[in-house]
Amino acid sequence: MKIAMVSEHADPPGEADGQNVHVAELSAALTRAGHDVTVYTRRESREEPPEVRTPQGFRVVHVPAGPPRKEHLLPAMGEFGSFLRDRWAGDRPDLAHAHFWTSGVATALAAGTTGTPVAQTFHTLGVVEKRYQGGQDTGPADRIRLERIIGRQAGRVIATCSDEVFELSRLGVPRSRISIVPCGVDLTRFTPDGPVARRGAPHRLVAVGRLVPRKGFDIAITALAQLPDTELVIAGGPEQGRLSQDPEARRLRELARRLGVGDRVRRPGRVSREDMPALLRSADVVVCTPWYEPFGIVPLEAMACGVPVVAAAVGGLADTVVDGVTGLLVRPHQPKELASRVRRLLDDPALRHAYGTAGHDRAEARYSWDRVAADTLRAYHKLVPDAAVTAEAR
């Protein structure tokens with residue numbers, strides 16, 4: 001099958017955020033399965049070549065649309081869509097898979113004239129971000145309206161968790177056109193065996209994510225005040241040397257100081273993909289305390305490393321973490337409850353080992369990228385059944 005991945009703000013060779021990892025790993029797994037995959041992403045520098053082939057075998061096309069480093073990309077999507085339309089007019093893919101709503105706008109513009117079937121993954125929905133962030137939501141005013149149109153027009157919408165199905169249905173997307181396919185984890189990189197980062201306290205908690213309020217790192221810091229002999233590592237944000245310039249990093253530092261745990265909160269800044277497994281293995285527990293989370297790749301990476309997870313029961317975390325089996329779920333915004341559940345694990349090494357083992361088994365059985373690619377292909381084949389016949393014939 002010839003597949004066009006449209007991901008306007010997540011260039012696979014670039015920074016490893018959640019959507020970036022998803023697009024890169026899914027494209028690599030589909031390529032391993034024998035499919036022809038091209039990722040279309042927006043060019044952010046004039047030095048970037050028009051097209052590159054990755055070591056995993058898929059192509060990346062850098063689309064010249066809009067000025068470099070543009071924060072709000074919606075105005076550039078007309079130009080992006082025109083590029084796709086011209087490209088596909090002479091070489092139409094069997095299917096286009098758009099990632100994020102702005103990619104959906106560009107893909108719809110091209111697909112409407114070329115007749116290309118479209119699958120859509122939103123990764124996060126504007127209506128959910130507005131609900132939880134309120135006035136802090138900086139998305140364009142038209143986002144929710146456009147997401148509703150994109151969702152209704154797409155031949156298939158691929159949700160990453162069961163909670164998203166409910167939100168999509170409220171936007172008017174028929175349940176019969178929604179498939180659930182979770183994110184995956186690199187089981188060759190994230191393993192129980194391997195280097196372990198050094199730590200400076202008898203117990204260690206690790207939290208990972210972008211430094212934004214909705215990630216709920218303040219909840220983990222508040223819980224830390226009730227957990228003696230424990231350090232908390234918050235990995236994410238800019239490089240360590242630039243943390244002092246980050247507003248959220250400053251807010252969290254001040255909170256830790258007020259609570260008397262400033263000397264037990266470690267802030268390494270952004271941690272590379274190469275170093276992340278060692279950091280996760282160094283934890284007794286990985287904590288995930290967001291206000292909401294469309295999917296959440298960090299719990300999967302921790303589980304694959306054999307580390308138990310305590311997570312807020314929101315969004316995709318409620319699907320990934322099996323309460324009382326691979327970790328524990330807590331109500332969001334409840335630092336006392338978080339501290340109590342974490343303390344239960346810190347006091348019981350055997351229970352931590354049991355949860356870690358079960359988490360690793362679950363990650364291997366359900367969340368390999370090859371399994372995710374196979375599930376994605378099943379969703380594609382509901383949209384383009386003729387391609388399924390062609391693939392089976394090969």
Side-chain angles (χ1 to χ4, degrees), residues 3-12 14 17-20 22-23 26-27 37-44 60-89 91-130 133 137-160 164 167-174 177-179 294 376 379-380 383-384:
I3 302 164
M5 291 284 182
V6 184
S7 182
E8 46 76 9
H9 77 288
D11 183 353
D17 63 14
Q19 181 177 326
N20 196 321
H22 188 116
V23 172
L26 177 58
S27 297
V37 182
T38 301
V39 176
Y40 295 89
T41 188
R42 201 177 68 87
R43 186 181 67 185
E44 294 190 344
V60 177
V61 174
H62 295 114
V63 178
R69 301 293 176 187
K70 189 174 181 66
E71 183 176 356
H72 296 298
L73 298 172
L74 181 58
M77 289 305 99
E79 190 176 358
F80 198 114
S82 296
F83 179 96
L84 296 178
R85 180 197 61 210
D86 294 343
R87 178 91 171 214
W88 296 349
D91 186 20
R92 201 196 83 170
D94 295 312
L95 175 141
H97 186 169
H99 293 265
F100 203 56
W101 70 278
T102 38
S103 298
V105 171
T107 303
L109 292 172
T113 56
T114 61
T116 306
V118 175
Q120 173 72 40
T121 296
F122 285 103
H123 292 276
T124 179
L125 289 165
V127 66
V128 179
E129 294 202 353
K130 179 71 71 175
Q133 296 189 141
D137 180 27
T138 59
D142 285 342
R143 176 177 176 177
I144 296 173
R145 179 182 66 84
L146 290 171
E147 285 181 339
R148 184 178 289 111
I149 294 171
I150 293 165
R152 291 176 177 178
Q153 288 184 349
R156 199 83 193 162
V157 177
I158 301 178
T160 56
E164 188 181 350
E167 299 291 351
L168 290 167
S169 297
R170 291 184 63 184
L171 289 176
V173 181
R177 288 199 283 109
I178 303 173
S179 297
T376 302
Y380 289 171
L383 181 57
V384 283

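What you see is a predicted model, and the numbers here were worked out from it, not measured in a lab.
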Subject >> Pair I150-F122, side-chain contact (heavy atoms from CB on, under 4.5 Å): steps then yes or no >> reply: CA-CA 10 Å; I150 293 165; F122 285 103; 4.0 Å; yes
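- Nearest heavy-atom pair across A119 and I158 is CB-CD1, 4.3 Å.
- Across all non-hydrogen atoms, the minimal contact from P64 to E79 is O-OE2, 3.2 Å.
- Looking at heavy atoms from C-beta onward, Y40 lies out of side-chain contact with T107 at the 4.5 angstrom threshold.
- Remark: L26 CG to T376 OG1 distance equals 4.5 Å, nearest 0.5 Å.
- Of all non-hydrogen atoms in S27 and M5, the two that sit nearest each other are OG-CG, 3.6 Å.
- A 4.5 Å side-chain heavy-atom check between K130 and R143 finds every atom pair outside the cut-off.
- Between R156 and I178, the shortest heavy-atom distance links the atoms NH2-O, 3.5 Å.
- Nearest heavy atoms, S7 versus Q19: OG-NE2, 3.1 Å.
- A donor-acceptor contact shorter than 3.5 Å links the side chain of R92 to the backbone of G115.
- Side-chain atoms of L74 and L146, non-hydrogen and from C-beta on, do get closer than 4.5 Å to each other.
- With sequence neighbours left out, R87 forms a side chain to side chain donor-acceptor pair (under 3.5 Å) with E51.
- In this structure, E8 contributes its side chain and T102 its backbone to no donor-acceptor pair below 3.5 Å.
- The minimum heavy-atom distance between F100 and H123, with the atom names listed, is N-CD2, 3.8 Å.
- In this structure, the side chain of R42 engages the main chain of A65 through a donor-acceptor pair within 3.5 Å.
- Taking 4.5 Å as the limit, some side-chain heavy atom of L168 sits within range of a side-chain heavy atom of L125.
- Here the side chain of R177 pairs a donor or acceptor atom with the backbone of R152 at under 3.5 angstrom.
- Counting only residues at least two apart or in different chains, side chain to side chain donor-acceptor pair (under 3.5 Å) contacts with residues 109-122 comprise H97-T121, T114-T116.
- Between F80 and V6, some side-chain heavy-atom pair lies under the 4.5 Å cut-off.
- One distance of note links CH2 of W101 with CD1 of I144; it measures 10.0 Å at 0.5 Å rounding.
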